[in-house]
Each structure stands twice: as C-alpha cells, then as structure tokens.
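This report refers to the structure that appears directly beneath it.
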Amino acid sequence: MTDTAMTDSVLADPDAPHLKKGALSLVDTTIIAISSTAPAYSVATSLGILIVAVGLQMPAALWVGFIPVMGIAVAFYYLNREDPNCGASYTWVSKILSPDLGFLNGWVILVADAIFCAFAGPQAGAATLTLINNRQIYSFLGLNLQAADTTAATVVGLMWLVFVTFMVAVGIQVAAKLQWVLCGIEYIIVLALGFWGLKQTGGSSFGWDWLNPRDFGSVTVLASGVVISVFLYWGWDTAANLNE
C-alpha cells in the first residue's frame with residue numbers, strides 16, 4: 001500500500017485497521033534487517049562448512065557471493081521506491097512478470113522459512129540447554145534438560161519460536177526494541193570472538209591469494225563456496241518488507 005492509498009483509506013474510514021506511518025525509524029529498520037541476517041547464527045552454522053568446502057579461499061567465496069546479493073539489493077531499492085509493499089518480491093514479480101511466477105515466488109519464500117525454522121529451532125534449543133548445563137543443571141521437575149537430547153532441544157526451540165511469534169503479534173515497535181538488544185548481544189559476542197581469534201598464534205599467514213576466485217581449483221568448488229556464502233547474507237531483504 002502506497003502512502004497516498006494509505007492516507008485515502010484512513011480518511012475514508014478512520015476506524016479501519018491501517019499501518020501506522022513512521023512507526024519505525026531508518027535505524028530501527030536497519031537493526032531489524034541486520035538481525036534478520038543473524039550474524040552470530042550465520043557464523044556458528046556456516047563458517048565451518050564454508051572452510052571445509054573452500055579452505056583458505058573463504059574470503060573470495062564471501063565477496064563473489066556478495067555480488068549477486070548486491071545486484072538484487074539494488075533492484076529492490078528501485079522497486080521499493082516505485083511500489084513500497086510488504087509483499088516485496090512476491091508483489092513485484094506478480095505485477096512485472098506474471099501472477100503465476102509471483103505466486104510461486106511467495107511459496108518458495110514460505111517453504112524456505114518453514115525449513116529454516118525447523119532447522120534453527122532445535123539448534124536454538126540446544127544452545128539454550130548448553131548454557132543451562134554449564135550451570136550443572138540437567139533436569140527440572142523431572143524434565144530432561146540435557147543439550148544432547150534431541151527431544152528436549154526441539155521443545156525448547158519450539159518455545160523460542162512461540163516467543164518470536166508473540167513478539168510479532170504484539171507489534172513491530174516492541175519487536176524493534178527487542179532486536180536492538182539481541183543485535184547488540186550478538187555483535188558483542190562476534191567481536192569478542194574475533195579479537196580473541198586475532199590474538200591466537202599458529203595457523204596460516206594471510207595471503208592476498210585468499211581473495212582470488214581463480215584459486216578455487218574448480219568451478220564446482222567455486223559454486224559450493226558461493227552458495228554457502230549467500231546464506232550468510234540471507235535476511236537482508238527484511239528491510240524492504242518493513243518499508244511499507
């Protein structure tokens with residue numbers, strides 16, 4: 001819904017449900033977009049796999065994978081200026097190319113998000129239980145709280161997903177404030193681990209060839225590295241969905 005259409009709707013029926021203009025600042029939107037890429041989670045789940053796939057060429061995989069993402073971001077920028085809509089790519093593909101392709105695009109996003117939640121939920125549960133286990137707490141009222149227990153990790157992960165759903169229902173402004181806190185915690189952890197890693201000895205000395213995509217050895221290795229690296233950027237498009 002554009003600003004003009006939103007204003008006309010509100011004037012016609014002030015009591016009709018409508019979006020609150022200016023509910024989020026540019027900084028709020030940016031923080032939510034950053035949080036949606038889940039920096040700490042991406043580092044924890046992707047860097048190890050990326051290193052196994054491409055070795056020391058990981059920096060090259062990251063910048064090559066960034067190129068298509070940047071291209072899509074530029075396209076989103078201009079499309080969002082023309083038609084701000086929380087449907088984002090679903091709406092734009094429907095209008096510009098085909099309603100059928102737009103419908104398929106929407107379902108691809110929904111299925112991908114469902115798969116991600118099914119994968120990330122138990123991981124969040126296991127991480128939570130690991131923190132609890134570090135306090136030598138392994139059960140509560142007869143309930144198993146061991147991080148290695150798949151059922152316990154899944155249940156705790158489901159509780160996190162319910163909490164996230166509740167925050168969405170409460171309102172975007174409350175969710176934005178929560179994301180400020182979560183994003184701050186994530187970056188403190190990531191920066192602390194980064195500084196700690198820089199102080200460690202051993203390993204390979206830095207070489208500029210790490211940035212050279214010609215040194216992957218094969219197109220298969222390059223493709224694997226780019227696909228994995230793109231996951232690190234997944235979630236940035238939340239900013240386009242919020243701009244309406």
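We're numbering straight along the sequence, starting at 1.
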* Asked: Hey, does Asn212 have a side-chain heavy atom less than 4.5 Å from the side chain of Trp208?
  -> no

* Structure fact -> d(Asp209 CG, Arg214 CZ) to nearest 0.5 Å is 13.0 Å

* **Connected via hydrophobic side-chain network under 4.5 Å: Val227 and Ile115** => no

* Minimum heavy-atom distance between Val93 and Gly102, given as atom pair plus value -> CG1-N, 3.5 Å

* Provide the closest heavy-atom pair for Gln146 versus Leu129 in the form atom of the first, atom of the second, distance. => O-CD1, 3.8 Å

* Determine whether Pro213 and Trp63 make a side-chain contact, defined as any pair of heavy atoms from C-beta on separated by less than 4.5 Å. => yes

* Structure fact -> Here the pair of heavy atoms bringing Leu145 nearest to Ser139 is CD1-C, 3.9 Å

* **Residues, nucleotides or ligands: over 12 heavy atoms within 6.0 Å of Tyr77 OH** => no

* To do: Quick one: pull up CD in Gln57 and CG in Leu62 and give me the separation to the nearest 0.5 Å.
  => 11.5 Å

* Tell me whether Ile109 is reachable from Val230 by hopping between hydrophobic residues (I, L, V, M, F, W, Y) whose side-chain heavy atoms are closer than 4.5 Å. => no

* Asked: Where do Ala147 and Asn133 come nearest, in terms of heavy atoms and distance?
  -> N-OD1, 2.9 Å

* Taking the side chain as every heavy atom from C-beta outward, state whether Leu101 and Asn105 have any pair of such atoms under 4.5 Å apart. => no

* Asked: So, do Leu161 and Cys117 sit near enough that their side-chain heavy atoms are less than 4.5 Å apart?
  -> yes

* To do: Begin with the C-alpha distance, continue with both residues' side-chain angles, and end with the deciding distance and a verdict on side-chain contact (heavy atoms from CB on, under 4.5 Å) for Asn80 and Trp92.
  => CA-CA 9 Å; Asn80 207 37; Trp92 300 329; 3.6 Å; yes

* Taking the side chain as every heavy atom from C-beta outward, state whether Pro122 and Thr150 have any pair of such atoms under 4.5 Å apart. => no

* **Other cluster members, Val108 - Ile/Leu/Val/Met/Phe/Trp/Tyr, side-chain contacts below 4.5 Å** => Leu104

* To do: For Val54 and Ala61, work out which heavy atoms get closest and say how close.
  => CG2-CB, 4.4 Å

* **Verify same cluster id: Val174, Val164 (apolar side-chain graph, 4.5 Å)** => no

* Asked: Hey, any chance Leu56 and Leu232 share a hydrophobic cluster, counting ILVMFWY side chains that come within less than 4.5 Å of each other, even indirectly?
  -> yes

* **Closest non-hydrogen atom pair between Leu50 and Ser229, with its separation** => CD1-N, 4.4 Å

* Asked: Are Phe76 and Ile72 side-chain neighbours, meaning at least one heavy-atom pair lies under 4.5 Å?
  -> yes

* Is the number of heavy atoms from other residues, nucleotides or ligands under 6.0 Å of Phe216 CZ greater than 12? -> yes

* Structure fact -> Apart from Val27 itself, its cluster of hydrophobic side chains linked below 4.5 Å comprises Ile31, Trp180

* Asked: Would you say the side chain of Thr151 lies within less than 4.5 Å of the side chain of Asn144, judging by non-hydrogen atoms?
  -> no

* Leu79 side, atom CG; Lys95 side, atom NZ - distance, nearest 0.5 Å -> 10.5 Å

* Look up atom NZ in Lys177 and atom CG in Leu182, then write down how far apart they are to the nearest 0.5 Å. => 14.0 Å

* Set of residues satisfying side chain to side chain contact (heavy atoms under 4.5 Å, CB included) with respect to Asp100, sequence neighbours excluded -> Ser98

* Carefully, step by step, assess Val69 and Trp234 under the rule side-chain contact (heavy atoms from CB on, under 4.5 Å). => CA-CA 9 Å; Val69 174; Trp234 187 27; over 6 Å; no

* To do: Count the heavy atoms belonging to other residues, nucleotides or ligands that lie under 6.0 Å from CZ of Phe66, then report whether that count exceeds 12.
  => no

* With under 30° as parallel and over 60° as perpendicular, where do the rings of Phe103 and Trp107 fit, or are they tilted in between? -> perpendicular

* Asked: Crowded around Trp210 CH2? As in, over 12 foreign heavy atoms under 6.0 Å?
  -> yes

* Asked: Under 4.5 Å between side-chain heavy atoms, hopping through other hydrophobics if needed: is there a path connecting Met70 to Leu222?
  -> yes

* Mind checking the CG-CD spacing from Leu191 to Glu186? Nearest 0.5 Å is all I need. => 11.5 Å

* **Distance in Å, Leu131 CG paired with Ile137 CD1, rounded so as to fall on 0.5 Å steps** => 11.0 Å

* Asked: Looking at side-chain heavy atoms only, is the closest gap between Val111 and Phe116 below 4.5 Å?
  -> no

